[in-house]
Structures are given as C-alpha cells and as structure tokens.
Amino acid sequence: MAGNSFGEVFRLTTFGESHGDGVGVVIDGCPPRIGLSPKDFVRDMARRRPGRNSIVTPRSEEDRVEILSGVFEGLSTGTPITLFIRNRNVDSRPYEILRQLFRPGHGDYTYFKKYGHFDFRGGGRYSARETAARVAAGVVAGKILEPSGVKVMAYTIELGGIRAGSIDLEFAEENPFYCPDPIAAERMERALAKAREDSDSLGGIAEVRVTGCPAGLGEPVFDKLDADLAKAVMSIGAVKGVEIGAGFEAARHKGSENNDPITPNGFQRNRAGGILGGISNGDEIILKAAVKPVPSIGQQQDTVDREGRPAKLKLTGRFDISPLPRIVPVLEAMVRIVLADHYLRSRTMK
Ligand SMILES: Cc1cc2nc3c(=O)[nH]c(=O)nc-3n(C[C@H](O)[C@H](O)[C@H](O)COP(=O)(O)O)c2cc1C
C-alpha cells in the first residue's frame, strides 16, 4: 500500500519490518558529488540504537548502514541511494501471542482491521525499527545542509512529568536522556527506574532547535515549512503533538504580546519559532514534540482476540520504557530531511 514515501525533491521511501531481514531507505533526488561513506552514519545510528543502556530496549543491534547503490568512489552519483540496515538480534518468540491478541495502545488492532494479514512480529512495519532508516536518510540530508551551516539539535525537555529547568546543550549530548539540565536528568533516571519496577512506561517532550537556517525555505500554501515539519514529526510513532515556537501557548496571549517586533538587526524575540507565513524567517527554528509512553508494558491489560472475544494480555519481550531518548535522533533526522527537501526546492527556483 502507498504511504511509505516522503518529500518532493529529496524524496525517500523506507521499507522493511522489525523482524524481517532488515530495514532500509531509497533516497531519490540527492544531488551528485555529496561525500558519503558507511562511517558517516556511525554516530547518528549509535544515538538511536537499541541496547545502548538500561533505559532502552535490550535488543542489541549493531545498526551498520550498508550503501547498496547511488554512491561511487565515495561520492553520490545523483542516482537513487539505497541504504540497508540488517536485523541481526531478532527474537520473535515473545510476539507469538500477538498472532491472536492486540496490544492496547499499539497498531496491532488497526493493522488487522485494515489489512487482515500483517507481520506483527516486533511491531512489523509500524515498529520503531523503521526509524533506523529515517536516521540513515537524515545523515544524507545533513550532508546536503552542511555547507550552508544549518545545524539541527534535539533534546529531552520533559520525561514522566519532570521538566528541564535549564538548557545546557553540551550536557544534553553527554547524558543518556539527552536532557539539557543535570538536576532534571537525575530525577528522570529515578522516574524511569520506578516505571521499570512498576512494569510501566513514560512519555515526555522533546525540543528541536535549528540554527543557521536561511530565510526563505517553505512554499505556499500546502507545503508550508511548518506544515511539512509537523507532518514529518507526527509521522514518527508515539508522537501525539507538535508545536512550532510558542505553539499552544500563543493561544493564551494577545497579539501585542505574541508578535515578534522587527528591528533593522532582526527580530526582538522568537515566539514565531523561526517561521512566518510558512516560510523560514532566518531566526532559530524551534519545534516541540509531545511523545506518549510506549504502549508495550508488562502489566496485565484488557484486550480482545481477532474474533473480538475479551482477553487478558501480559507482555514479555524487549521494550523501551519510554520512546525518549531514542526518539531524539529520529526527530533531528526528520527535521533535516524536511529542510534538505525545501533547500533543494528553493535552489531550483533560482
Ligand atoms: C524511538 C521509538 C522507540 C519506541 N519503542 C517502543 C517500544 O519499545 N515498545 C512499544 O510498544 N512502542 C514503542 N514505540 C512506540 C510505537 O512505535 C508506537 O506507539 C506505535 O507504533 C503506535 O503508533 P502511535 O503511538 O503513533 O499510535 C517507540 C517509538 C519510537 C519512535
């Protein structure tokens, strides 16, 4: 079925399932002569990788990116780039129960209603494993943006109701939660330990900041930059809300409080989040994503089987306790992908 492709000029199609041979992405529209080697993917893939620490699923995947096409002698050729990440540490046994029972909060029920037949092992196509392909595509997008000095960084500003009170971006890179506040990071660790003890899970909020983005990215009217960013971010599993700039808060303010006054030296503040009229204004782009707690929990839950009969489900298997922090690199990748697409689109206009 359609729906696996994204972007206009920088266009990607992801493929694969959590417990199949692997996941991957075909990127069409990458310009030629972009330097690319398997090493370029190592850092970002490691940041998303499962099995990194005690917070995330113990499924241990190496997540090595194989370049199958579109690169010759270390440079992109302008032809489709295929990136493949093999599944190695697959254990489908705990998922056998999902042949019959639907996990509350997950996509099992809706995939069954829609397709009647689907690969439910490890969440199949709707598994977070698919996001490995997005992170790989995000590396290529980052390479396109690099010469313009565009930098994208995401971090966790809330987890299990605990909010970061300060923003230290260097510290955010150093701790397993990508939390920019050392005190909040400690509290988050305790909250996650408690959730694990209770066989429960936690949600949170991540913030993305883009620096160095020039004014002028975004198209009228359906392909506004904020509209495309919202779609890109909402397409990540577990994301339930997206805010640009002041977001929902803007609704509680007067125009005089919410407008960002313009001076010859730029904007006096940035409640717009760097986008006006769907076009980047040259200021920092600021986006927040609300992330729900992972649906797979070890507590007994009410559900039904494929015939609609009531049942109880108690899951075993390997799950994250929260989609944060693994979602942080995925957010960065999706934002880079949208910006690279709009950058290439605006270049073809000139
Ligand atoms: C990085 C990441 C990791 C995730 N880890 C898990 C997990 O271990 N267990 C789980 O049930 N859901 C996990 N999810 C969430 C599910 O993929 C998601 O809730 C599911 O596909 C249903 O989609 P929806 O929540 O958008 O409705 C994760 C999502 C992301 C983005």
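Remember, it's 1-based here, ligands and their atoms both numbered in the order they're listed.
If you check which protein heavy atom lies closest to atom 10 (C) of ligand 1, you get Ser296 OG, 3.5 Å. Among protein heavy atoms, atom 15 (C) of ligand 1 sits closest to Ala238 CB, 3.8 Å. Looking only at protein heavy atoms, the nearest one to atom 24 (P) of ligand 1 is Lys240 NZ, 3.5 Å.
The distance criterion of under 3.5 Å between nitrogen or oxygen atoms is not met by Pro323 with respect to ligand 1. The shortest N or O to N or O distance between Tyr126 and ligand 1 is under 3.5 Å. Of the N or O atoms in Thr131, none lie within a sub-3.5 Å distance of an N or O in ligand 1. Here's the thing with Ser127: none of its N/O atoms is less than 3.5 angstrom from an N/O atom of ligand 1. Considering backbone and side-chain atoms together, Arg103 places no N or O closer than 3.5 Å to any N or O of ligand 1.
For the residue pair Ser199 / Gln299, no side-chain donor-acceptor distance below 3.5 Å is found, with atom types taken as modelled. If you check the side chains of Arg309 and Thr303, you find no donor sitting under 3.5 Å from an acceptor. Remark: the Ser76 side chain and the Arg33 side chain contain no N/O donor-acceptor pair separated by less than 3.5 Å. Counted by atom type alone, His19 and Asp119 present zero donor-acceptor pairs between their side chains at under 3.5 Å. No side-chain N or O of Ser127 forms a donor-acceptor pair with one of Arg121 less than 3.5 Å apart. Residues Ser296 and Arg103 bring a donor and an acceptor atom of their side chains to less than 3.5 Å of each other.
With atom 25 (O) of ligand 1 as the reference point, the heavy atom nearest to it among Arg125, Lys292, His106, Arg48 is part of Lys292. For atom 6 (C) of ligand 1, the nearest non-hydrogen atom from the set Val294, Ile321, Val330, Ile297 belongs to Val294. Nearest-residue assignment for atom 2 (C) of ligand 1 (options Ala128, Gly105, Ser235; heavy-atom criterion): Ala128.
Taking every heavy atom of Pro295 and a limit of under 4.0 angstrom, the matching atoms of ligand 1 come to 10 (C), 11 (O), 12 (N), 19 (O). Set against the non-hydrogen atoms of Ile327, the atoms of ligand 1 under 4.0 Å away are 1 (C), 31 (C). Under a 4.0 Å criterion applied to the non-hydrogen atoms of Gly237, ligand 1 contributes the atoms 26 (O), 29 (C), 31 (C). Using a 4.0 Å cut-off to heavy atoms of Ile236, the atoms of ligand 1 that qualify are 31 (C). Residue Asp320 approaches ligand 1 through these ligand atoms, each under 4.0 Å from one of its heavy atoms: 3 (C), 4 (C), 5 (N), 6 (C), 7 (C), 8 (O). Of all atoms in ligand 1, listed by their number and element, those nearer than 4.0 Å to a heavy atom of Phe319 are 8 (O).
In this structure, Arg47 is positioned above the aromatic face of Tyr178, its NZ or CZ under 6.0 Å from the six-membered ring centre and within 45° of the axis.
Taking the six-membered ring wherever Trp is involved, the centroid distance between the rings of Tyr126 and His106 falls below 6.0 Å.
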For Phe120 and Tyr111, run ring-ring contact (aromatic ring centres under 6.0 Å, His included): C-alpha distance rounded to whole Å, both residues' side-chain angles, the deciding distance at 0.1 Å, then the answer. CA-CA 9 Å; Phe120 56 83; Tyr111 265 63; over 10 Å; no
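Pairs passing the salt bridge (charged side-chain N to carboxylate O under 4.0 Å, His left out) check and including a residue from residues 258-268, sequence neighbours excluded, read Asp260-Arg269.
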